[in-house]
Amino acid sequence: MTMNKQQIVSAIQECMNFQAATNALVNPEWKTAGYAWKRAMWVEAAELTDLVGYKWWKDLNKAPDKKQILLEVVDIFHFLLSHTLVFRRYSATDLYHGYQWALKHSRVSEKEQQLQMIEEFVFNCLYDGEIVLHTSFFQMMNSLDIKIEDLLKYYIGKNALNKFRQDNGYKAGTYRKQWNFLGNQVEDNVVLEHIIENGTVFNFDSVYNQLSTMYNQ
């Protein structure tokens with residue numbers, strides 16, 4: 001489903017509200033804790049680079065896992081939103097305008113260009129590129145052929161998973177990240193993907209409840 005401006009801005013604001021609530025579960029004083037949000041972003045971007053495929057000594061012709069790439073971009077989005085909320089420099093509308101600018105100044109790319117866009121985003125994380133950090137993120141996203149609708153949908157799903165992890169012992173180290181799912185041992189991200197892609201009703205509560213049912217089985 002294609003979203004209009006109002007729907008996108010509203011969804012981004014909802015994501016910002018979710019992110020604030022999730023961070024508060026981890027640490028009620030998260031806004032003043034001095035967390036290195038940009039460091040978290042470039043570390044996740046390094047993992048994204050590996051998923052896209054940069055190792056010339058391996059099979060570069062292997063098709064990348066697009067869903068895992070999307071989930072990695074969603075992980076970066078969590079930290080981007082957190083950084084935004086701490087420094088209060090941008091609103092949901094500002095992020096939307098950054099997205100629109102990126103659409104006009106980037107395009108779906110081949111692998112090498114995608115890797116370069118990731119590196120540009122990392123550069124902005126490392127060298128305080130505040131003005132272009134959001135647009136750089138959306139340019140990177142667009143080069144990977146990720147739609148804003150999918151980013152927001154998977155963000156809400158991943159936020160439900162993060163909340164579920166915290167509620168089930170993630171911080172204490174008792175949470176089981178490997179689940180028995182359809183006869184196989186898989187990571188919880190794989191279960192989340194199944195829920196998002198196969199659910200007929202999609203919202204935070206429905207995802208959380210399905211995770212709870214599957215985890216307890």
Side-chain angles (χ1 to χ4, degrees), residues 2-3 5 8-9 11-16 18-19 35-56 58 60 62-87 89-159 161-162 189 192-193 196:
T2 302
M3 302 167 68
K5 175 183 176 179
I8 293 174
V9 172
I12 292 174
Q13 185 60 59
E14 184 179 17
C15 290
M16 295 174 82
F18 273 142
Q19 192 61 49
Y35 294 138
W37 306 109
K38 287 184 179 180
R39 180 186 299 151
M41 282 188 271
W42 67 252
V43 169
E44 295 291 343
E47 295 181 18
L48 177 60
T49 301
D50 200 26
L51 286 171
V52 172
Y54 73 95
K55 297 177 180 178
W56 62 88
K58 289 190 175 181
L60 288 180
K62 182 180 178 181
D65 188 328
K66 291 186 176 181
K67 280 298 186 302
Q68 288 305 309
I69 287 174
L70 169 59
L71 288 172
E72 197 63 58
V73 172
V74 169
D75 283 344
I76 297 172
F77 192 52
H78 281 83
F79 297 120
L80 185 70
L81 291 177
S82 297
H83 179 271
T84 300
L85 289 162
V86 167
F87 293 98
R89 291 188 175 128
Y90 300 100
S91 66
T93 302
D94 292 328
L95 265 65
Y96 172 80
H97 289 152
Y99 162 68
Q100 286 295 316
W101 188 94
L103 282 181
K104 296 176 182 177
H105 295 86
S106 60
R107 58 184 175 80
V108 179
S109 306
E110 299 298 326
K111 180 179 291 186
E112 183 56 35
Q113 285 73 38
Q114 291 172 345
L115 293 171
Q116 290 174 7
M117 293 301 294
I118 297 171
E119 289 169 347
E120 287 185 23
F121 175 72
V122 170
F123 179 89
N124 287 312
C125 290
L126 289 171
Y127 297 102
D128 296 319
E130 293 292 348
I131 296 176
V132 295
L133 186 60
H134 295 96
T135 53
S136 179
F137 170 81
F138 287 120
Q139 283 182 301
M140 175 182 70
M141 184 186 82
N142 192 42
S143 75
L144 295 166
D145 196 21
I146 295 174
K147 303 293 187 290
I148 188 74
E149 291 85 357
D150 289 331
L151 174 76
L152 298 172
K153 182 170 71 171
Y154 270 84
Y155 170 86
I156 292 172
K158 191 63 185 286
N159 198 73
L161 176 59
N162 287 342
N189 274 329
L192 175 64
E193 179 183 332
I196 292 174

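All values derive from a computational prediction rather than experimental measurement. Sequential numbering from 1 along the given sequence is applied to the chain's residues.
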Below 4.5 Å, heavy atoms only, C-beta onward: do Ile146 and Lys66 meet side chain to side chain?
no
If you measure only the distance, is there a donor-acceptor pair under 3.5 Å linking the side chains of Tyr155 and Gln19?
yes
Does a side-chain heavy-atom distance below 4.5 Å link Glu112 with Leu115?
yes
Just wondering, do Met117 and Met141 contact through their side chains at under 4.5 Å, heavy atoms?
no
When you compare the side chain of Lys158 with that of Asn162, does any pair of heavy atoms fall below 4.5 Å?
yes
Specify whether His83 and Phe87 have parallel, tilted or perpendicular ring planes, treating 30° as the upper limit for parallel and 60° as the lower limit for perpendicular.
tilted
Sub-3.5 Å donor-acceptor pair from the side chain of Asn124 to the main-chain atoms of Leu133, do we have one?
no
Does any N or O in the side chain of Gln114 come within less than 3.5 Å of the main-chain N or O of Ser143, such that one atom is a donor and the other an acceptor?
yes
Within-4.5 Å side-chain heavy-atom neighbours: Thr84 and Phe79:
no
Between His134 and Tyr90, how do the two ring planes meet: parallel, tilted or perpendicular, split at 30° and 60°?
perpendicular
Heavy-atom side-chain contact between Leu95 and Leu81 under 4.5 Å:
yes
Taking Asp94 for the side chain and Ser91 for the main chain, is one N or O donor matched with an acceptor at less than 3.5 Å?
yes
Got a donor-acceptor contact below 3.5 angstrom from the Glu44 side chain to the Glu72 backbone?
no
Between Thr135 and His105, is there a side-chain heavy-atom distance shorter than 4.5 Å?
no
Determine whether the aromatic ring centres of residues Trp101 and His97 are separated by less than 6.0 angstrom.
no
What's the shortest heavy-atom distance between Tyr96 and Ile12, and which atoms?
N-CD1, 4.1 Å
In terms of heavy-atom contacts, Cys15 and Leu152 come closest through SG-CD2, 3.8 Å
Please work out whether the ring planes of Phe137 and Phe77 are parallel, tilted or perpendicular, with thresholds of 30° and 60°.
parallel
